[in-house]
There are 2 protein chains.
Amino acid sequence: MMELTRKGEYAIRGILYLARQPRGQVSLVGEIAEASEVPKTFLAKILQNFVKVGLVSSSRGTGGGFMLARPAEQITLREVVEAVEGPIMPNRCLIGAGTCERDVSCPVHPVWEKVRREIVAILDGVTIAELARD
Amino acid sequence: MMELTRKGEYAIRGILYLARQPRGQVSLVGEIAEASEVPKTFLAKILQNFVKVGLVSSSRGTGGGFMLARPAEQITLREVVEAVEGPIMPNRCLIGAGTCERDVSCPVHPVWEKVRREIVAILDGVTIAELARD
DNA sequence: GTATAAGAGGACAAAAAAGATCCACAAGGT
DNA sequence: ACCTTGTGGATCTTTTTTGTCCTCTTATAC
Ligand code: SF4
Ligand code: SF4
């Protein structure tokens, strides 16, 4: 139950690499992939996710590559995980009403809600900058 | 990320049915399955898991069936979930040393450990008895 | 002791998700 | 023009989830 996928793991390793680069420095997919030991083509997809949600900025052509779109101090672990894995959601019924016909007065429902809130709180409390300096 | 599977969901619904029966009353798989809206053969496997870990006791033959092996007040939601889904484990590297070559001084490691502890604490704080009376 | 009524266990199959790769294309630099 | 680098989509493989089936064992009833 409740396991981070490879994609999430790779995403963290990848963005940590970016966070460790000097401000303004762009990095190539291949470079990040090698350093983080992540399959290059897979990482490319992950970086695309980051770009889409505005965590990372990209540029093409010679001299192009990826860099953080915001300072690492302002990027939380939660944002990184959710960028590639979608919203944190311990049980499907939390998505919205009607997902489970039983959700009207389901006694277990509030427990999952609490779990969700706790996980979100922990991951929101950790920034990429903190993780990167080590 | 981190979603309970159907199996876990069915397990909870199933054991709640047992918890709502009068003490000493045995229930048939088919009966539990129908009431909980769970595929019967799948539920049978789940009940086998429960029996294996000692949460539920079973008997065969005429008059056989399933009942809680302990009072519902002494069964926590964590036990139920772990019985069918295995240990709560937000990231593979928590299983043990050597799972990830990077785990030596990995800065993210402690975060997952914290998440794990929190989830365990929440699920350990909820008993089947509490959930059943509703 | 034979029929019947359960659960136990294992093999197996379908469906979904995860993990990974490829290629044609767009955009930017020389 | 030509090279470089990211983009987007299609596709493929592997693993996990979800579910079924069949045979065997255990227990009761007649
Ligand atoms: S039974 Fe309750 S906890 Fe389970 S999916 Fe439905 S609403 Fe959620
Ligand atoms: S990189 Fe760190 S968090 Fe990720 S699997 Fe390895 S030890 Fe765990």
Side-chain angles (χ1 to χ4, degrees), chain A residues 1-15 18 25-34 36-69 81 83-86 89 91-92 95 100, chain B residues 1-14 18 25-34 36-69 81 83-86 89-92 95 100:
Chain A
M1 176 215 190
M2 311 214 159
E3 204 163 296
L4 192 70
T5 66
R6 289 296 157 109
K7 195 175 180 189
E9 179 67 31
Y10 293 165
I12 298 169
R13 303 225 292 250
I15 209 162
L18 288 181
Q25 164 86 40
V26 307
S27 311
L28 305 183
V29 204
E31 182 189 327
I32 310 172
E34 193 171 8
S36 318
E37 295 176 87
V38 172
K40 182 177 158 183
T41 58
F42 199 5
L43 181 66
K45 296 298 184 191
I46 292 168
L47 288 167
Q48 281 180 42
N49 287 339
F50 285 158
V51 171
K52 195 169 336 189
V53 301
L55 244 40
V56 164
S57 67
S58 68
S59 50
R60 308 195 205 192
T62 313
F66 298 90
M67 56 187 270
L68 294 187
V81 170
V84 298
E85 306 243 35
M89 199 68 71
N91 196 358
R92 323 200 195 211
I95 297 165
C100 173
Chain B
M1 176 214 189
M2 312 214 156
E3 207 162 293
L4 192 70
T5 66
R6 290 297 157 122
K7 196 175 179 188
E9 178 68 31
Y10 293 164
I12 297 169
R13 303 223 293 249
L18 288 182
Q25 163 85 41
V26 306
S27 312
L28 304 183
V29 203
E31 183 188 326
I32 310 171
E34 192 170 8
S36 319
E37 294 174 271
V38 172
K40 182 178 158 183
T41 57
F42 199 8
L43 181 64
K45 297 298 185 190
I46 292 169
L47 287 167
Q48 280 179 44
N49 287 339
F50 285 157
V51 171
K52 195 169 337 186
V53 302
L55 244 39
V56 163
S57 69
S58 68
S59 51
R60 309 193 204 192
T62 313
F66 298 91
M67 55 187 270
L68 294 187
V81 170
V84 298
E85 307 243 36
M89 198 67 72
N91 197 357
R92 324 198 195 212
I95 297 165
C100 173

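Note on naming: letters A, B, ... go to the chains in the order of the sequence lines (proteins, then strands), and numbering restarts at 1 for each one.
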(message) Just the rounded figure in Å: distance from C1' of D/dT18 to CD of B/Glu37.
(response) 17 Å
(message) Working to the nearest 0.5 angstrom, can you tell me the gap between A/Leu47 CG and A/Leu18 CG?
(response) 6.5 Å
(request) Sugar-phosphate means primed atoms, P, OP1 and OP2; the rest is base. With that split, encode nucleotides 9-14 of chain D 5' to 3' as B, S or - using protein heavy atoms under 4.0 Å. (result) B-----
(request) Kindly compute the distance separating OG (A/Ser36) from CD1 (A/Ile12), expressed to the nearest 0.5 Å. (result) 11.5 Å
(request) Could you tell me the separation between the NZ atom of B/Lys52 and the OG atom of B/Ser58, rounded to the nearest 0.5 Å? (result) 12.0 Å
(request) Enter the distance from B/Phe42:CZ to B/Ile46:CD1 here, rounded to the nearest 0.5 Å. (result) 5.0 Å
(message) Please report the interatomic distance CE(A/Met89) to CD1(A/Ile95), rounded to the nearest 0.5 Å.
(response) 5.5 Å
(message) Please compare B/Val29 and A/Arg6 by the position of their nearest nucleotide in DNA chain C and report the one closer to 5'.
(response) B/Val29
(message) Using 0.5 Å steps for rounding, measure from the CZ atom of A/Arg92 to the OG1 atom of B/Thr5.
(response) 7.5 Å
(request) Take atom CD1 of A/Ile46 and atom P of D/dG6, then tell me their distance rounded to the nearest Å. (result) 15 Å
(message) Angle between the two end axes of the helix from C/dG1-D/dC30 to C/dT30-D/dA1, five base pairs per end, rounded to 10 degrees?
(response) 0°
(message) If I take atom CZ in residue A/Arg92 and atom P in nucleotide C/dA16, what distance separates them, rounded to the nearest angstrom?
(response) 11 Å
(message) For a quick test of reading the model, state the closest non-hydrogen atom pair linking B/Val53 to B/Ala83 and the distance between them.
(response) CG2-CB, 3.8 Å
(request) Flag the pair A/Asn49 / A/Leu55 as yes when at least one side-chain heavy-atom distance between them is below 4.5 Å, and no otherwise. (result) no
(request) Kindly say if A/Tyr10 contacts the phosphate of C/dG19, meaning a side-chain N or O under 4.0 Å from OP1 or OP2. (result) no
(request) Run the numbers on A/Val84 and A/Phe50 for side-chain contact (heavy atoms from CB on, under 4.5 Å), then give the verdict. (result) CA-CA 8 Å; A/Val84 298; A/Phe50 285 158; 4.1 Å; yes
(request) Let me know the distance between CD of B/Glu31 and P of C/dA5, rounded to the nearest Å. (result) 16 Å
(request) Using atom CZ of A/Phe66 as one end and atom C1' of D/dT5 as the other, report the distance to the nearest whole Å. (result) 8 Å
(request) Determine, stepwise, if the pair A/Glu85 / A/Leu4 fulfils side-chain contact (heavy atoms from CB on, under 4.5 Å). (result) CA-CA 9 Å; A/Glu85 306 243 35; A/Leu4 192 70; 3.2 Å; yes
(request) In whole angstrom, give the distance that lies between atom CG of B/Leu4 and atom C1' of D/dT18. (result) 14 Å
(message) Rounding to an integer number of Å, can you tell me how far A/Lys7 NZ sits from C/dA20 P?
(response) 12 Å
(request) Under 4.0 Å from any atom of DNA chain C, heavy atoms only: list the residues of residues 47-63 of chain A that qualify, in numerical order. (result) A/Arg60, A/Gly61, A/Thr62
(request) Go through A/Phe66 and A/Ser27 one step at a time and tell me if the side-chain contact (heavy atoms from CB on, under 4.5 Å) criterion holds. (result) CA-CA 5 Å; A/Phe66 298 90; A/Ser27 311; 5.5 Å; no
(request) Send over the distance from B/Glu85 CD to D/dT16 P, rounded to a whole Å. (result) 14 Å
